[in-house]
Amino acid sequence: MTRRALVLSGGGAKGSFQIGAMEELILNRGLDFEILCGVSVGALNASFLAQAPFDSVHPEISLQNLKETFTALRRLWLEEIEGNESVYIRKPGNEVGIVLGADSIYDPKPLKKLLQRYLKPNRLAKSKRILKIQYVSLETGALKTANNKSPRILDYVLASGTMPYYFPPVKIGKEHLVDGGIRDITPLGQAFQAGAEAIYVIYASPFEVERQEFGESWSGMKSNAFTYLGRAVELMVNEIYRTDVEGAKRLNTLKENWEKIKGCLPQNHSRKRIEKELKKVRFAPIVEIKPKKYIIRDALDFSPKNLMENYEYGKKVAASLRRSLP
């Protein structure tokens with residue numbers, strides 16, 4: 001079996017696009033994924049799928065397990081999320097509470113309940129799939145990785161999707177953990193390190209940044225600090241997107257062409273050092289599935305109508321790539 005990796009980016013409610021795209025890959029194309037990597041909402045989707053038992057000896061059984069688990073994940077997104085209140089609730093005072101010392105404007109208690117209900121650490125630990133999700137420590141600024149054998153995997157999944165200001169940090173020991181998307185919105189590096197032979201990346205947002213105006217809206221509401229913060233986060237995510245994927249592509253190009261050119265280079269310390277480092281890297285073709293437009297602009301907009309529309313759009317985009325998918 002080809003060791004396929006599925007890499008899922010962050011994006012909050014925009015992660016519903018990934019559900020549509022995965023339906024094409026898993027249900028329609030019949031692709032199995034041994035390696036699952038994610039950040040933020042991608043960490044939630046990847047962790048859910050990683051519960052499906054993997055069987056390299058009986059690939060048809062392994063794929064069927066993944067299909068059944070994906071179907072349950074799709075049902076969660078499209079049937080059980082009935083609005084923002086299914087994921088988070090507003091804290092009293094909202095933005096005013098921040099001024100008075102609150103650690104966030106929203107409480108993710110509903111999301112915690114969903115994780116406890118559907119994400120089972122025992123299933124993850126025994127599935128034989130490789131799960132890699134990332135989060136950041138506020139104390140050190142380090143980007144850290146949890147896997148399916150991590151004893152507090154539920155906390156790490158929650159932390160991976162915890163954007164500061166909007167949600168309170170997840171405290172484990174003396175550390176305060178937050179969204180891995182602050183440092184790495186698309187964890188391609190984890191897929192390479194896990195030994196992937198083919199990598200499928202599903203983004204939740206377009207690469208192109210649409211123009212946004214900040215005047216009065218139709219309702220007469222003026223832009224405020226909350227509006228500006230949302231736009232700043234959107235721009236930051238877009239820049240990290242580009243950095244991640246371009247770096248992975250350059251690494252692939254270097255690995256693919258090194259054998260062709262190394263004979264032209266003199267034997268010296270630099271060449272040996274390059275060879276040593278490249279031996280750690282496996283060439284893996286990268287298939288990218290990304291939206292070209294925004295269906296959901298606000299990552300915290302979990303309205304069922306928009307989730308369904310974004311899911312359908314994900315199916316459409318992935319299906320349009322059918323001929324080019326290996």
Side-chain angles (χ1 to χ4, degrees), residues 1 3-8 10 15 18-19 22-23 25-27 31-81 86-88 108-137 143-162 167 169-173 175 177-180 187 190-191 193-196 200 202:
M1 292 178 64
R3 300 195 72 199
R4 296 189 192 92
L6 185 62
V7 178
L8 304 174
Q18 296 173 345
I19 303 302
M22 286 190 288
E23 180 169 318
L25 296 180
I26 298 171
L27 296 190
L31 298 180
D32 198 3
F33 296 93
E34 179 185 359
I35 303 163
L36 297 145
C37 307
V39 162
S40 192
V41 70
L44 186 151
N45 286 337
S47 299
F48 198 109
L49 292 179
Q51 296 179 111
F54 180 75
D55 190 336
S56 60
V57 178
H58 303 96
E60 69 286 352
I61 295 176
S62 184
L63 175 60
Q64 184 59 34
N65 291 338
L66 186 63
K67 285 182 175 182
E68 292 174 359
T69 304
F70 167 75
T71 301
L73 176 61
R74 182 181 60 184
R75 184 168 58 249
L76 169 62
W77 272 93
L78 302 180
E79 297 179 20
E80 300 200 32
I81 295 180
S86 297
V87 181
Y88 62 88
K109 187 176 180 179
L111 177 58
K112 289 181 183 178
K113 288 184 177 180
L114 286 176
L115 292 177
Q116 291 168 353
R117 181 178 177 184
Y118 290 106
L119 202 56
K120 304 301 180 183
N122 287 339
R123 287 185 61 191
L124 277 170
K126 296 177 181 178
S127 74
K128 295 184 180 180
R129 294 187 192 267
I130 298 172
L131 173 68
K132 302 284 186 180
I133 64 167
Q134 294 187 299
Y135 58 92
V136 169
S137 165
L143 179 67
K144 298 188 175 185
T145 303
N147 59 49
N148 37 321
K149 297 187 184 298
S150 299
R152 300 191 63 171
I153 188 64
L154 295 181
D155 290 326
Y156 292 129
V157 172
L158 181 62
S160 187
T162 295
F167 300 108
V170 175
K171 190 174 182 181
I172 296 182
E175 283 193 303
L177 310 178
V178 296
D179 197 334
Q190 293 298 316
Q193 291 177 22
Y200 290 71
I202 308 178

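- With a 4.5 Å cut-off on side-chain heavy atoms, Leu66 and Leu49 count as touching.
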Quiz item: Does the pair Leu44 and Leu114 meet the rule for a side-chain contact (heavy atoms from CB on, under 4.5 Å), with working shown?
Solution: CA-CA 10 Å; Leu44 186 151; Leu114 286 176; over 6 Å; no
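- Under the salt bridge (charged side-chain N to carboxylate O under 4.0 Å, His left out) criterion, Asp155 pairs with Arg152, not counting sequence neighbours.
- Between atom CG of residue Leu111 and atom CZ of residue Phe167 there is a gap of 7.5 Å, rounded to the nearest 0.5 Å.
- Counting only distance, with no hydrogens or angles, the side chain of Gln18 and the backbone of Ile202 share a donor-acceptor pair below 3.5 Å.
- The list of salt bridge (charged side-chain N to carboxylate O under 4.0 Å, His left out) pairs with a residue in residues 123-134, not counting sequence neighbours, reads Asp32-Arg129.
- At most 12 heavy atoms of other shown residues, nucleotides or ligands fall within 6.0 angstrom of atom NZ in Lys112.
- Annotation for Gly180 and Val39: closest pair C-CG1, 3.6 Å, computed over non-hydrogen atoms.
- The minimum heavy-atom distance between Pro110 and Ser86, with the atom names listed, is CB-O, 3.4 Å.
- Applying side-chain contact (heavy atoms from CB on, under 4.5 Å) to Cys37 and the options Val7, Leu131, Thr145 leaves one that passes, Val7.
- For Phe48, there are no ring pair (Phe, Tyr, Trp, His ring centres under 6.0 Å) partners, not counting sequence neighbours.
- Smallest separation of non-hydrogen atoms from Ser127 and Ala50: OG-O, 2.7 Å.
- A pairwise comparison of heavy atoms in Pro187 and Leu8 identifies CD-O, 4.2 Å as the closest pair.
- Closest of all the heavy-atom pairs between Val157 and Ser47 is CG2-OG, 3.3 Å.
- Atom CE in Met22 sits 9.0 Å away from atom CH2 in Trp77 (nearest 0.5 Å).
- Using a 4.5 Å heavy-atom threshold, the side chains of Glu80 and Tyr118 count as touching.
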Practice problem: Given side-chain hydrogen bond (donor to acceptor under 3.5 Å, both in side chains), test Gln64 with Glu60 step by step and report yes or no. | Solution: CA-CA 6 Å; Gln64 184 59 34; Glu60 69 286 352; over 6 Å; no
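- For Pro121, the side chain to side chain contact (heavy atoms under 4.5 Å, CB included) criterion is met by Ile153, Leu154, not counting sequence neighbours.
- Annotation for Lys113: atom NZ does not count as buried by contact number, only 12 or fewer foreign heavy atoms lying within 6.0 Å.
- When atom types are taken as modelled, the side chain of Ser160 and the backbone of Tyr156 share no donor-acceptor pair closer than 3.5 angstrom.
- A donor-acceptor contact shorter than 3.5 Å links the side chain of Ser62 to the backbone of Asp55.
- The CG atom of Leu31 sits 5.0 Å away from atom OH of Tyr200, with the distance rounded to the nearest 0.5 Å.
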Quiz item: side-chain hydrogen bond (donor to acceptor under 3.5 Å, both in side chains) between Thr69 and Gln51: does it pass, once the steps are laid out?
Solution: CA-CA 7 Å; Thr69 304; Gln51 296 179 111; over 6 Å; no
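- Every residue two or more places apart in sequence or in another chain was checked for a salt bridge (charged side-chain N to carboxylate O under 4.0 Å, His left out) with Arg75, and none qualifies.
- Looking only at distances, no side-chain donor or acceptor of Lys144 sits under 3.5 Å from a matching main-chain atom of Tyr135.
- The line from CD1 of Ile35 to CZ of Phe54 is 8.5 Å long, rounded to the nearest 0.5 Å.
- Within the 4.5 Å cutoff, the side chain of Asn147 has no heavy atoms near those of the Ile130 side chain.
- Taking CG of Asn45 as the start and CG of Leu73 as the end, the distance is 5.0 Å to the nearest 0.5 Å.
- Contact check for Ile133 versus Leu36: no side-chain heavy atoms found under the 4.5 Å cut-off.
- Under the rule for a salt bridge (charged side-chain N to carboxylate O under 4.0 Å, His left out), the partners of Glu23 that lie at least two apart in sequence or sit in another chain are Arg74, Lys315.
- How far CG of Leu27 is from NZ of Lys67: 6.5 Å, rounded to the nearest 0.5 Å.
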